[in-house]
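Chain letters run A, B, ... following the sequence lines, proteins first and then strands; every chain starts at 1.
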2 protein chains.
Amino acid sequence: MNGLPDLSRRERQIMSVIHRLGRATAAEVLGELQDPPSYSAVRAMLRILEEKGQLRHEQDGPRYVYFTTVPVDRAGRSALRDVVATFFAGSAEEAVATLIDMNERKLTGEELDRLAQLIDRAREEGR
Amino acid sequence: MNGLPDLSRRERQIMSVIHRLGRATAAEVLGELQDPPSYSAVRAMLRILEEKGQLRHEQDGPRYVYFTTVPVDRAGRSALRDVVATFFAGSAEEAVATLIDMNERKLTGEELDRLAQLIDRAREEGR
DNA sequence: GGGTGTCTGCTAAAAAATTAGCACTATGCT
DNA sequence: AGCATAGTGCTAATTTTTTAGCAGACACCC
């Protein structure tokens, strides 16, 4: 039922940071963490996440730059699927409605136009 | 940045189950878990989650029925906010588009109609 | 009445996560 | 050359999670 592999607390925090940033060094990850642990701790986590196949790294000069193995859009879908299943009784409609409601003031006219178009297209697909 | 309190792995699994079910006994939670630990383990988790203020319980005859302190819709919003921030660079539009895309075949005409209406209304609000 | 099943309370053990620290290398700078 | 800085590799210790197990209460059924 759960698409994401079971990660521990810090592991998830760190994955979240790297998904946000795209790529990141240990120092950068550290900088993003709210209750920063030691540099060492972060490096250890990165190493473990790499062992678990969640991350990979490239050498950039003297340092490692980490990036996720699963591309962000795929991970995003997976995360949405979980949220919908857990909190919205599997109803994508409810989730979308909530998202729109939450962001009413933030969504621009253009964005809303594009979404309207998207819905139109979905309606046609479903015939 | 993260709305949900930091829970451990099993703790999150269990919270997820209870959010799905609404209310649940230890046995019911156990039944929902994919790689079921012992009954005892589940009970311990429930107790800890209650200590942490995530759950509360009522007595139902001889047994405890647990439910979350944060209502599911509020927790759902929080979860969506996190997902949008982490995987969609903060763009609600992208998240909505992805949700619709993921569910094109699943969303009924009626659901799409309601969403279209919702978007119309949001457009009017934003003026 | 006695046995059986299902619950809680509690405590202790095992496993996993998380952190810290030291040694070593490369790089850049003066 | 010599020094400071910023990295990695590795190992060990600490802390938190996670699990198991036993004892007692309560209900139910034969």
Side-chain angles (χ1 to χ4, degrees), chain A residues 1-2 4-69 82 86, chain B residues 1-2 4-69 82 86:
Chain A
M1 164 134 268
N2 200 313
L4 292 95
D6 274 338
L7 298 179
S8 72
R9 193 179 331 216
R10 274 264 187 254
E11 284 172 352
R12 218 180 350 263
Q13 285 181 14
I14 289 180
M15 286 302 289
S16 168
V17 168
I18 300 191
H19 268 129
R20 277 211 315 278
L21 301 187
R23 334 179 84 233
T25 65
E28 285 164 351
V29 170
L30 180 60
E32 290 288 317
L33 292 175
Q34 32 191 355
D35 57 339
S38 76
Y39 183 59
S40 246
V42 173
R43 282 193 306 130
M45 288 288 108
L46 291 170
R47 184 168 34 75
I48 290 171
L49 283 166
E50 190 160 17
E51 274 171 21
K52 290 194 181 179
Q54 297 294 306
L55 294 178
R56 223 170 305 160
H57 78 265
E58 278 174 4
Q59 193 117 20
D60 173 25
R63 86 202 98 238
Y64 289 178
V65 180
Y66 289 87
F67 49 93
T68 60
T69 51
D82 287 349
T86 302
Chain B
M1 164 132 270
N2 198 312
L4 290 96
D6 275 339
L7 299 178
S8 72
R9 192 177 337 213
R10 273 264 189 258
E11 283 173 354
R12 217 180 350 262
Q13 285 182 14
I14 289 180
M15 286 302 289
S16 168
V17 168
I18 300 190
H19 269 129
R20 277 212 314 278
L21 301 186
R23 329 178 89 233
T25 64
E28 285 164 348
V29 170
L30 180 60
E32 291 288 318
L33 291 176
Q34 30 190 358
D35 57 340
S38 76
Y39 183 58
S40 249
V42 174
R43 283 193 307 129
M45 288 287 108
L46 291 170
R47 182 166 36 74
I48 289 171
L49 283 166
E50 189 160 19
E51 276 171 20
K52 291 195 181 179
Q54 297 295 307
L55 295 178
R56 223 171 302 160
H57 77 266
E58 277 173 5
Q59 193 116 19
D60 174 24
R63 86 200 97 237
Y64 289 178
V65 181
Y66 289 88
F67 49 93
T68 61
T69 51
D82 286 349
T86 301

DNA chain D nearest-nucleotide lookup for B/Asp6 and A/Ala44: closer to the 5′ end is A/Ala44
Residues at least two apart in sequence or cross-chain that pass side-chain hydrogen bond (donor to acceptor under 3.5 Å, both in side chains) with A/His19, listed by chain then number, are none
note: B/Asp60, atom CG; C/dT6, atom P; distance rounded to Å ~ 16 Å
Report task. Please test A/Asp35 against A/Gln13 for side-chain contact (heavy atoms from CB on, under 4.5 Å), starting from the C-alpha separation and ending with a verdict. Result -> CA-CA 11 Å; A/Asp35 57 339; A/Gln13 285 181 14; 4.2 Å; yes
Regarding the side chain of B/Glu11, the nearest nucleotide among D/dT8, D/dG21, D/dT18 is D/dT18
For C/dG21, take OP1 and OP2 only and decide whether either is under 4.0 Å from a side-chain N or O of A/Tyr39.
no
Query raised in the report: Do A/Lys52 and A/Asp6 sit within salt-bridge range, that is, some charged N less than 4.0 Å from a carboxylate O?
Result: no
Rounded to whole Å, CZ of A/Arg63 lies from C1' of C/dC24 at a distance of 18 Å
Of C/dT19, D/dT18, D/dG7, the nucleotide closest to the side chain of A/Arg10 is C/dT19
(request) Flag the pair B/Tyr64 / B/Arg43 as yes when at least one side-chain heavy-atom distance between them is below 4.5 Å, and no otherwise. (result) no
Given C/dT19, is OP1 or OP2 found less than 4.0 Å from the side-chain N or O atoms of A/Ser40?
no
d(B/Leu55 CG, B/Ile14 CD1) to nearest 0.5 Å is 8.5 Å
Rounded to whole Å, the OH-P distance (B/Tyr66 to C/dT8) equals 6 Å
Check your understanding: Below 4.0 angstrom from OP1 or OP2 of C/dA16, is there any side-chain N or O of A/Ser8?
Key -> no
Whole-Å distance, B/Glu58 CD to C/dC7 C1', equals 17 Å
B/Leu46 CG to D/dA20 P, in whole Å, measures 15 Å
Is B/Ala26 touching bases, backbone alone, or none of the nucleic acid, heavy atoms closer than 4.0 Å? nothing
Between CD of A/Gln59 and P of C/dT25 the distance, given in whole Å, is 15 Å
Between CE of B/Met45 and P of C/dA16 the distance, given in whole Å, is 14 Å
Is B/Tyr64 near enough to C/dG9 that one of its side-chain N or O atoms lies under 4.0 angstrom from OP1 or OP2?
-> yes
Among the nucleotides C/dG9, C/dT6, D/dT19, whichever has the atom closest to the side chain of B/Arg43 is C/dG9
